[in-house]
There are 4 protein chains.
Amino acid sequence: MTNDNKPGGRPRDETSAPAIKAAARRLVTEKGYENVSISEIVRVAGVARQTLYRRWSSKADLVLEAFFETAGEPPTLSGNAGLTARSVLEKFLADVFDSLAREGDAISSLIACAQSDPEFCETFKEKFVFPREQMVRQILNKACSERELPPSADIDTVTAMIHGAFWYRLLTNQPLDRPFAAALVSSVFPTRPT
Amino acid sequence: MTNDNKPGGRPRDETSAPAIKAAARRLVTEKGYENVSISEIVRVAGVARQTLYRRWSSKADLVLEAFFETAGEPPTLSGNAGLTARSVLEKFLADVFDSLAREGDAISSLIACAQSDPEFCETFKEKFVFPREQMVRQILNKACSERELPPSADIDTVTAMIHGAFWYRLLTNQPLDRPFAAALVSSVFPTRPT
Amino acid sequence: MTNDNKPGGRPRDETSAPAIKAAARRLVTEKGYENVSISEIVRVAGVARQTLYRRWSSKADLVLEAFFETAGEPPTLSGNAGLTARSVLEKFLADVFDSLAREGDAISSLIACAQSDPEFCETFKEKFVFPREQMVRQILNKACSERELPPSADIDTVTAMIHGAFWYRLLTNQPLDRPFAAALVSSVFPTRPT
Amino acid sequence: MTNDNKPGGRPRDETSAPAIKAAARRLVTEKGYENVSISEIVRVAGVARQTLYRRWSSKADLVLEAFFETAGEPPTLSGNAGLTARSVLEKFLADVFDSLAREGDAISSLIACAQSDPEFCETFKEKFVFPREQMVRQILNKACSERELPPSADIDTVTAMIHGAFWYRLLTNQPLDRPFAAALVSSVFPTRPT
DNA sequence: CCTTAAGCGAGACGGTACGTCCGGTCTTAGT
DNA sequence: ACTAAGACCGGACGTACCGTCTCGCTTAAGG
C-alpha cells in the first residue's frame, strides 16, 4: 500500500510506519479490530492523523499490513526429515494452536472484518489463509505418497476439514489445545489395528 | 427477548416488531451486518427509534432474533427411516448448503459480529451453531451404532471437522455445493472396496 | 435562524441556545471573531457540537444572533424633548462611543467578518448598521426642521460622514472619545459666531 | 521585507517573488483575503511553499506587500496648480473611488484582516490609510489658507469624516461614485450663496 | 576546480479545526 | 402505556491548511 515514488520531497519518516503498525497491532490484539479507532492508533503511535492516512487508506489496509506484512510462510516444514507425516501434521497443528492461543482474539476479529470488506478478505486469504492451507495440503500429500494415507484420500477435502475444524473452534471460543490437535490427526489417519 | 409484562397501558403495536425484524433481516441480507445502522432499520420499518430499543437492547439482539426466532430445530431428521446414515448426512449437508447459498452473506456477517460481541456469540451458538452441530453428531452416532463407521471413530472431532469445513468455505467465499457435500461424506465414511 | 416547526419530537433544550450564544459572545469579545473555534464554543457552553449545528449553520450565523438578537433599537431618542438637536447628537455619539469602548474589538471583528461573508454582511447591516445610521439621520432631520442646520444640508451625506468617521476611527484603532464626539458635532453644525 | 544579506549561496530566483505577489494579488482580488490559502498561492505561483515563507512570514505580510509595494504616494497633487481646493478634492475623491471600484472587494478584505492582526493593521495604516488621509488633510489645509474654508474649520475631524464616509460606504457595499464624491465635497465646503 | 552556502521544487511532519455521522438515551405530544 | 418524532451527549470520521522540516538538486561566488 505504501507508495515510495522516488522523486523529490521530504522522505517519509521511516520510523512512522513501524510505529503505527506496532500501535495498530497492539491495540487490535488487546481490544479487537472493531474497538480500535484511528484516533487511538495515531495517539498511541505518537503520530499525526494525516501521517497514517498518507500511508493507508483505511483501518483495514493498515491492520492487514500490520499483521501480515511478511508474505505468509509462517511455520516451516524443514527439519522434519525423518518424521512421519502424521507426527509432522500433529506438530504443525500444535504450533498453530499455540500461536492462536496468543493472538486468537485478534485473528478472530480479522476474520470478522473480512466478512464485511471484500478487499480485506482477499488479502487476508492470500496472506494468512492460503499459506496455512497449503501447508496442510503438503503434509497430506506427503502422507499419501508415503502410504500413511490411502491413495484414494481426498486431499482437498481433508484439508478443508482440518483447517475448518480449528476455525470453527476458534470462532466459537472452544479450546484449541494439543489434545484437539491429536484428535484431529487421529481422525484423519486411519486407526492402526493394535 | 420481547417482554410482555401483563399490566395496564396501551398495548404494543403488534405490527411493529415484525416490521422491524423484517427490515433488519432484509437490510442485513442485502448489505451485511456491519453496514446496517439502527437509524436505517427504523427508517425502513417506519418506526421510531425508541420502538426498537424498547424491544431489543442492541442491533445484535434484534438481528439474532430476526434470523433465528424459532428455537433451532432447523432441518429435521424425521422421515429418513430406511436410509443409511451416510445418505442422511449427505442430504443434510446438501440442504444446509442450499440454505447458505441463499443467505450465506448474512450468516457470514453474523459470524463476524459474534467475534466482537460475546453475548451475541453465545446466543448465536445456542440458536444456530449447536443445533446444527448436534444434528451432525446424531447422524454420526447413528452411523456408529449401525456399523457404518468404526466404533473407534471420534464423533466429536469428526463433527467439528464437518461443521468446520463448511464454515471455512463459507467465510473464505469458496463454493459450498453438492459435490463438496459428497466429498465431505466420502472423507468421513471409509471407502467401500469396490 | 432557529426553526421551531410545531410537530412531534423532543423539544429543543431551551437552555442550550442561550448557553451557546453566551459562550459565543463571551469568547468573541475576549478573543475576537477569528480566534474562536466552534469546538471551543461548544466546550464552554457545555453542549454537543451537533447541538450547535442544529441551530446555526455557521459561526457567522451564531455570532450575529448572539450579538444582535434583538432587532436594533439600540440607544433611544426618547426623553430628549427640550434639548437642541446638536446636544442630542452629541449625547448619542458619546453613548455609542462608550459602548464601543466596551466591546469595540468584538464589533471590529464582526465588521471584518462581514467583508468575507455577504450573508453575514446583510444581516449585520440590518441589525447593527442601519439602525444607528437611521438614528443619526433622524437627529439631523430634526436639526434641519428646527433651523439648527441650513435647509440645504445634505442629510444623507452628512450621516454617512458622521457614521463613517467613527467606523474609520474604530477600524484604525484611533481613540473614540467625547472630545471627538464634540469635534464631529462642531464640524456638522455651523459655528456660532461668538 | 526581502532581506538581501550579502554573502554567498545561490541567489534568489528573481522571478519567484513577483510570481508569488501576482498570484496573491489575483487570488485575493478574486476570492477575498480569507478565502485564499497559502497552499493555493504557491500552487498558482508555481513555487515551493518554502520559497514563499523565505520571503514573507505570513499571508498578511505577503498580501500587504503585494498590494502596497510602493510606499504610499498614490495619487499625486501635482499639476493642480490653478484649481480651487474644492475641485482638487473632488477630483481626488473621484480618482480614489474609481480605483476602489476596481479592487474594492480586495481592499475590504484587507481592512477585515487588519482587525485581527495588529501588525498587519499597522502596516496597512502606514501604507494605505495615512497617505490618503494626509492627502485629504493637505487639500483641506490649502482650502483653509486660501479661504475656501473658514479658518475655524477642524481639519482633523473633517478629514476623518471624509475618509470615514467612503470607508463606510465601501464596507457596507454602498455605491462609491462621482455623485457621492460631489456630495461629500458640497457638504464640506460652505454653500455659496447664489 | 572545488568548496561552500544558499535557493529551489517537492512533499512529509505534528497539529488544529472543520462539518458530518451514528449510537444509545432522553423527553415531548398525541393515541 | 405506548407511539412517532426528534433533540441530547459523546465521539470517530476523513479533509483541509497551517507553519516547519528535510530531501536531492541547482546555482553562483570565492578560495
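Just so we're on the same page: letters track the sequence lines, and every chain starts at 1.
DNA chain F is contacted by both A:Pro11 and C:Pro11; C:Pro11 maps to the nucleotide lying nearer its 5′ end (nearest heavy atom per residue). For the pair A:Arg49 and D:Val47, nearest-nucleotide mapping onto DNA chain E gives the more 5' position to D:Val47. Of the residues near DNA chain E, A:Leu52 and C:Gln50, the one whose nearest nucleotide (by heavy atom distance) lies more toward the 5' end is A:Leu52. Of the two residues contacting DNA chain F, namely C:Gly46 and A:Val36, the nearest-nucleotide position lying further toward the 5' end is that of C:Gly46.
When rounded to the nearest whole Å, the span between CD of B:Glu40 and P of E:dC21 equals 13 Å. Distance B:Tyr53 OH to E:dT27 C1': 16 Å, rounded to the nearest Å. The distance from atom CD1 of C:Ile38 to atom C1' of E:dT20 is 13 Å, rounded to the nearest whole Å. For D:Ile41 and F:dC17, the CD1 to P distance is 12 Å, given to the nearest whole Å. Residue A:Arg43 contributes atom CZ, which lies 13 Å from atom P of E:dT16 at whole-angstrom precision. In this structure, C:Arg55 atom CZ and F:dA7 atom P are separated by 8 Å, rounded to whole Å. Per the geometry, CH2 belonging to C:Trp56 stands 15 Å off P belonging to E:dC18, to the nearest Å. Between A:Glu14 atom CD and E:dG11 atom C1' there is a gap of 16 Å when expressed in whole angstrom units.
A close approach under 4.0 Å does occur between a side-chain nitrogen or oxygen of A:Ser39 and OP1 or OP2 of F:dC13. At the phosphate of F:dG19, neither OP1 nor OP2 sits under 4.0 Å from any side-chain N or O atom of D:Ser58. Residue D:Arg12 places at least one side-chain N or O closer than 4.0 Å to OP1 or OP2 of E:dG7. Phosphate proximity of F:dC8 to C:Ser16: present, with a side-chain N or O under 4.0 Å from OP1 or OP2. The phosphate of F:dA7 has neither OP1 nor OP2 within less than 4.0 Å of any side-chain N or O from C:Thr51.
Considering all non-hydrogen atoms of both residues, B:Ala23 and B:Val44 come closest at CB-CG1, 3.7 Å.
Under the 4.5 Å side-chain criterion, counting only non-hydrogen atoms from C-beta, C:Phe67 is in contact with C:Thr29. Contact check for D:Arg12 versus D:Arg54: side-chain heavy atoms found under the 4.5 Å cut-off.
Judged by distance alone, with hydrogens and angles left aside, the side-chain atoms of D:Ser109 form no donor-acceptor pair with the main-chain N or O of D:Gly32 at under 3.5 Å.
Between the side chain of D:Arg10 and the base of E:dC8 there is no donor-acceptor pair of N/O atoms closer than 3.5 Å.
Picking from E:dA12, E:dG23, E:dC8 the nucleotide with the shortest atom distance to the side chain of A:Arg54 gives E:dA12.
Ring geometry, D:Phe120 versus D:Phe124: the interplanar angle falls from 30° to 60°, so the pair is classed tilted.
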